[in-house]
Amino acid sequence: MLRYILWRIAVMVPTLIIISALVFTIIELPPGDYFESYIAELRAQGEGVDMEQIEALRKEYGFDQPAVLRYVYWVGGMLQGDFGYSFEYQLPVSEVVGDRLWLTILVSFFTIAFTWIIAFPIGIYAATHQYSWGDYGLSLVGLIGIAVPNFMLALILMYFANIWFGTSIGHLMDQKYLSEPMSWEKAKSILEHIWIPVVIIGAAGTAGMIRRLRANLLDELQKQYVVTARAKGLPPTKTLLKYPLRMALNFFISDIGSILPAIISGAEITAIVLSLETTGPMLIKALQSQDMYLAGSFLMFLAFLTVIGVLISDLALAILDPRIRLQGRSTK
Amino acid sequence: MTSGADLLRVEGLRITFSVLGGDVNAVRGASFRILPGKVTALVGESGSGKSAISQAIMGILPTVAKVSGRVLFNDPKAAGPVELLALEPDGREIHEIRGARISKIFQEPMTSLSPLHTIGNQISEVLQIHTEADGAERRQRTEQLLGYVGFGDPKRAYDMYPFELSGGMRQRAMIAMALICRPALLIADEPTTALDVTVQAQILQLLRELQAKMNMAMLLITHDLGVVANMADEVVVIYHGEVVEAGPVDAIFRNPQHPYLKGLMAAVPHFDMKPGERLKALREVPVKAGTLIGGEAKRASGPDILVSVRNLSKTFTTRSSGWFGGDEESRHRAIDHVSFDIRRGECLGLVGESGCGKTTVSKILMRAVTPDSGSITFDEGEGPVDVLKLDGAELKALRSKIQMVFQDPVSSLSPRMTVKNILSEPLEIHGRGTPLSRVETVRSLLQAVGLDQRFINRYPHSFSGGQRQRIGIARALALLPQLLICDEPVSALDVSVQAQILNLLKDLQKELGLTMLFISHNLAVVDYMADRIAVMCAGRIVELAPREVLMRDPVHPYTKSLLAAVPYPDLDRKLDFDSLQRSGGSDQRQWGAQFSDGGEKDALSPAHLGGGHYVLARKSVDARELRS
C-alpha cells in the first residue's frame with residue numbers, strides 16, 4: 001500500500017508536465033500575444049501607441065525568444081513560486097490572484113459540504129422509497145435544479161436575498177470591506193453573503209448527485225448480499241447503512257476527483273453575474289486579453305486540483321474498499 | 001399427521017408478483033410440510049416458484065410480491081405454532097426468527113456475502129443481533145464454528161474477505177453464518193449449484209453431518225435429482241408453482257407418478273446409458289440440417305486427425321499487494337504441456353473443475369489467447385496448417401473453420417441485434433453470399449436448430465434460455481465450420497432443456513459430420529456426448545481415453561475422485577463420503593506417488609495403457625503399477 005501511494009504520487013509528475021505543455025500550447029495557439037491585443041485596444045480607443053516601449057517590454061519578457069525556451073522559463077518560474085507577471089494588472093500573478101484564491105477555495109469548500117449534506121439523505125430516501133410520491137417530488141426538484149441555468153438562479157436569489165434579508169446585491173461581502181484587510185466584521189459579512197453562491201453553484205451538482213446516489217443505491221439494494229443480511233434478521237435501517245450504502249460510497253469517493261475542478265471552473269458565469277471575488281471571472285478575462293501568464297497559471301492551478309482530487313479519491317477508495325487494497329492487479 | 005409433529009407447514013400458499021403488464025402467479029396454492037430433524041427437498045426447474053416459497057417462509061419476498069395462505073412454524077423452543085405470514089413485516093418477532101430459528105444459505109456464495117466486510121464480521125453479526133454475547137465471545141464462537149465447517153486456520157479466516165476465498169470456502173463461511181445460532185430450520189437454496197462436483201460432494205457431506213449433529217430440519221431447494229437422492233428424506237416436486245408430487249424419497253424415486261417427474265428423471269444423463277441411447281427431452285426439437293449447404297460430402301475425405309495440439313503451455317502472471325508494499329508476483333500455470341488430437345468427425349470431451357485450464361485451451365485454439373509455447377496443427381485435407389503462426393487473411397480463413405458455442409446464452413447474444421443480424425453477421429464478416437442469399441441461409445439455420453422461421457426479426461430477450469442457446473449454436477454453424485468448440489453449452493440451462501440441447505448437438509454432429517470439442521465440468525454430460533474424454537487437472541491432461549474405458553476403468557486418482565463425486569439420481573448408489581475424503585480430489589499430495597511429480601519439473605509424462613488410454617504418471621513407473 002505504501003508503495004502504491006508513492007507510485008501514485010510519482011505518476012503525478014509526468015501527468016503535470018504533460019498538462020503544462022498542453023496549457024502552454026493552447027495559450028500560444030491564438031495568433032499574436034498580449035501586446036498585440038493591447039495595441040489593438042489602444043488604437044480602437046483612438047490613443048497613440050508607443051511602439052518602442054512595447055518592444056522593450058516584449059524583450060524584457062522574452063517574447064522574442066522561441067516558444068520552447070519560454071515554456072522552460074515559465075515552468076521553471078512556477079517551480080520556484082514565481083507565476084509570472086500579469087500585463088493587464090501590471091502586478092505579479094501571485095499578487096493579483098492572492099485573496100481571490102482563498103475566497104474561491106472557501107466557496108468551493110462550502111459548496112462541496114452543501115452538496116453532500118443535502119444530497120446524501122435525499123438520495124437515500126429516494127432510493128428506499130422508489131416510485132413513492134416523495135421520490136417523484138424530490139426527483140422533480142432535482143431535475144429543476146439540473147435544468148435551470150445557474151445565472152438565472154443567481155439573479156432570482158439575489159433579488160429575494162435583498163428583499164427579504166437586506167443582503168447587499170453581488171460580491172462576497174459588503175462593498176465597504178472590499179479593499180480592507182481581514183477582520184471579524186469582514187469575516188461575518190463574508191459568511192452572510194456566501195450562502196447565495198453556495199446554493200446556486202451547488203444546486204446542479206446536488207441534483208446530479210442525488211440522481212446518481214439513488215441509481216447506485218437502487219442497484220445495490222437488488223444485490224444478493226442485502227437479502228443475506230435480511231435473512232440474518234438485521235433490521236432494514238441497519239442493513240441499509242452497513243451494506244448497500246457502504247458499497248454505493250465508492251462512486252461518491254471517485255467523484256471527489258472531478259468535483260474540485262468542476263466547482264471552481266464551472267462557477268465562472270455565476271461568479272460574473274454575482275460579481276464574486278473569486279478566480280473564475282479573472283480567468284475568463286485573462287483568456288480574452290491573452291494575459292498569458294495569468295491564464296496559464298490559472299489553468300495549471302485547475303489541472304493541479306484535478307490531479308490532487310483524483311489522488312485523494314484513489315487513496316480513499318483503496319482504504320475503503322478491500323478489493324482494491326488487497327486484490328492484486330493481474331496482467332495478461 | 002398432526003400439525004404438532006411438523007416443524008413447518010405450508011398451507012395453500014399463493015405468491016403473485018405484480019409486474020408491468022399484469023400479475024405473474026409464481027406459486028399457486030402450494031401445501032407441504034417439513035418434519036423436524038429431516039431433510040425435505042423441494043425440486044423444480046428455474047421459474048417454478050421454489051425460491052419464492054423459501055423467501056415467503058423467511059418473510060424476505062420483494063415488496064412487489066403478494067402472498068396469501070398460511071405458513072405455520074412450530075418452533076420446539078417456543079410456546080406454540082406461529083403463523084409466519086401473519087407477523088408484521090419487518091417487525092420484531094419475525095426478526096427474532098430470521099437468522100436465529102430459520103436461516104438460509106444461498107446459491108451464489110460470491111454475491112451472497114458482502115465484498116467489503118470480513119467473513120468474521122458478517123458471521124459474528126448474527127450473534128450480535130440475536131444474542132447478548134460480547135465481542136470477545138462472539139469472536140471465539142465464530143472462530144470455533146469456522147474451524148468446524150472446515151477452515152484450517154479459523155483465526156486467520158475470521159479476518160479474510162470473501163474474495164480471498166475459493167467458492168467452496170465461501171459456501172462454508174455462508175453455512176457457518178446460517179448455523180451460528182443453531183436454527184431449527186435451515187433453508188438451503190441451491191447450495192451447491194455454483195460449485196465444482198468434488199466441492200459439491202464436500203459441501204453436501206458437511207451439510208449432512210451438521211444437520212444430523214444439530215438435529216435440525218433442512219429444506220433443500222434444488223433442481224438436481226442426484227443431490228436429492230443423496231440428501232433428502234422427503235421430496236416435494238413443484239412444477240409451475242404447484243406441488244405435483246410429494247412424499248418420502250423412496251416412493252418418489254422408485255415409483256414416480258406424475259408425468260413431469262417421470263420426464264425429469266428421463267432427461268438427466270447418467271452413466272448407465274447404453275451406447276446409442278437417447279435422452280428424452282421434455283420437449284424434443286426436430287432437427288433438419290439437410291438444408292444447410294455443404295454437409296457430409298465435403299467432410300468425408302481428409303486425414304484422420306483434424307487438430308493436433310502439442311505441448312501447449314500458458315502462464316498467467318498475477319500480482320497481489322499488501323498494505324506495506326509486499327508486492328509479490330505469482331506465476332500461475334494455466335495450462336502445462338497439454339497435448340491431444342481431435343479426430344475428424346469425433347466428439348472429444350474435455351472435463352475438469354473450474355480453473356483447471358479447459359477454457360484457456362479453447363481460447364488458444366480460437367487464437368484469442370497466445371500460448372507461451374507449443375504448437376497446434378490444423379489439417380482439413382489441404383495440408384497441415386500451423387494455427388499459431390497464421391495472420392492476416394489466412395487467420396481470417398481459419399476463423400471460419402473453427403467456431404464456438406458459449407456457456408451463457410444471455411450474455412453471448414447482443415441484446416440490440418435481431419436474430420437475423422446475429423446469424424448473418426458471420427456471413428457478412430467473411431463476405432459470403434449476397435444480402436438476399438444470407439437471409440436464405442439464416443432461414444435454413446433456424447430450421448436446422450428447430451426454431452420457427454417467423455422468429456427471424458425478434459430480439460434475443462423474447463427467447464427462453466434453451467432457445468437462445470439454439471441461436472448461439474446456429475450462429476456457430478453459419479460458416480459451416482470444421483470444428484465446433486462447445487464451452488459448457490448446457491451448464492446454464494435447466495435439466496429438461498439441457499437434454500434438448502444435447503440431443504440437438506448430437507443430431508447436428510451426425511448430420512453435418514461435425515468435429516466437436518466438448519468442454520464441461522459435468523462428467524455425465526460429457527459421457528453422453530463424447531467419443532473420447534480428456535480429464536484436465538491444474539492445467540494438465542491427467543487421463544485421456546475412449547469414453548467407455550474412462551468410465552469403466554479409470555486409472556488416475558483424480559478421474560476416480562471426479563467420478564466418485566457425481567451424485568447419482570439413484571437411491572442405491574449414494575455418494576460414498578468416506579472414500580471421497582480419502583481420494584482427495586485435485587489435491588496432488590493425496591495422489592499416489594506414481595502420479596505425483598513431487599515438485600520436480602518434467603517428472604511426469606503420459607503413459608500408454610493400450611487402446612488409446614493415456615495416463616499422466618512418472619516416467620519410470622510400469623503400466624501395471626498404475627492400476628494398483
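Worth saying up front: this structure is predicted, and the values here are computed from it rather than measured. The chains referred to below are lettered A, B, ... by the order of the sequence lines, with proteins before strands, and numbering in each begins at 1.
Looking only at heavy-atom pairs under 4.5 Å with chain A, the residue among B:M177, B:H130, B:M174, B:Q122 that has the most is B:Q122. Options A:V227, A:L234, A:D321 differ in how many heavy-atom pairs under 4.5 Å they form with chain B, and the most are formed by A:L234. If you tally non-hydrogen atom pairs under 4.5 Å between each of B:P115, B:S103, B:A178 and chain A, the highest count goes to B:P115. With chain A as the partner, the residue from B:V126, B:T370, B:D90, B:I187 showing the most heavy-atom pairs under 4.5 Å is B:D90.
Side chain of A:T228 to backbone of B:S112: a donor-acceptor contact under 3.5 angstrom is found.
Annotation: residues 238-250 of chain A contacts chain B through A:K242, A:Y243, A:R246, A:M247 [non-hydrogen atoms, separation under 4.5 Å].
With rounding to the nearest 0.5 angstrom, the OG1 atom of B:T111 is 13.0 Å from the CD atom of A:Q222. Note that CD of A:Q224 and OG of B:S114 are 12.5 Å apart. Values are rounded to the nearest 0.5 Å.
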B:Y161 vs A:R323, side-chain contact (heavy atoms from CB on, under 4.5 Å): CA-CA, chis, key distance, verdict
CA-CA 8 Å; B:Y161 290 95; A:R323 285 171 300 181; over 6 Å; no
Between B:R98 and A:R230, is a side-chain contact (heavy atoms from CB on, under 4.5 Å) present by the stated rule, with each step listed?
CA-CA 8 Å; B:R98 256 187 231 160; A:R230 289 188 67 200; 4.1 Å; yes
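A 6.0 Å sphere centred on CD of B:E93 holds no more than 12 heavy atoms belonging to other residues, nucleotides or ligands. Within 6.0 Å of CZ in A:F304 there are 12 or fewer heavy atoms belonging to other residues, nucleotides or ligands. More than 12 heavy atoms of other shown residues, nucleotides or ligands fall within 6.0 angstrom of atom CZ in A:R8. Crowding of B:R182 atom CZ: a count of heavy atoms from other residues, nucleotides or ligands under 6.0 Å not exceeding 12.
Here the shortest heavy-atom pairing between A:P236 and B:H95 reads CD-CE1, 3.7 Å.
Of the atoms belonging to B:E125, it is side-chain heavy atoms, and not backbone ones, that fall under 4.5 Å from chain A. Contact annotation for B:I57: neither backbone nor side-chain heavy atoms come within less than 4.5 Å of a heavy atom of chain A. Both the backbone and the side chain of B:N121 come within contact range of chain A, each with at least one heavy atom under 4.5 Å from a heavy atom of that chain. With a 4.5 angstrom heavy-atom cutoff, A:K223 does not touch chain B via any of its atoms. Using a 4.5 Å cut-off between heavy atoms, B:I129 contacts chain A through its side chain alone, with no backbone atom that close.
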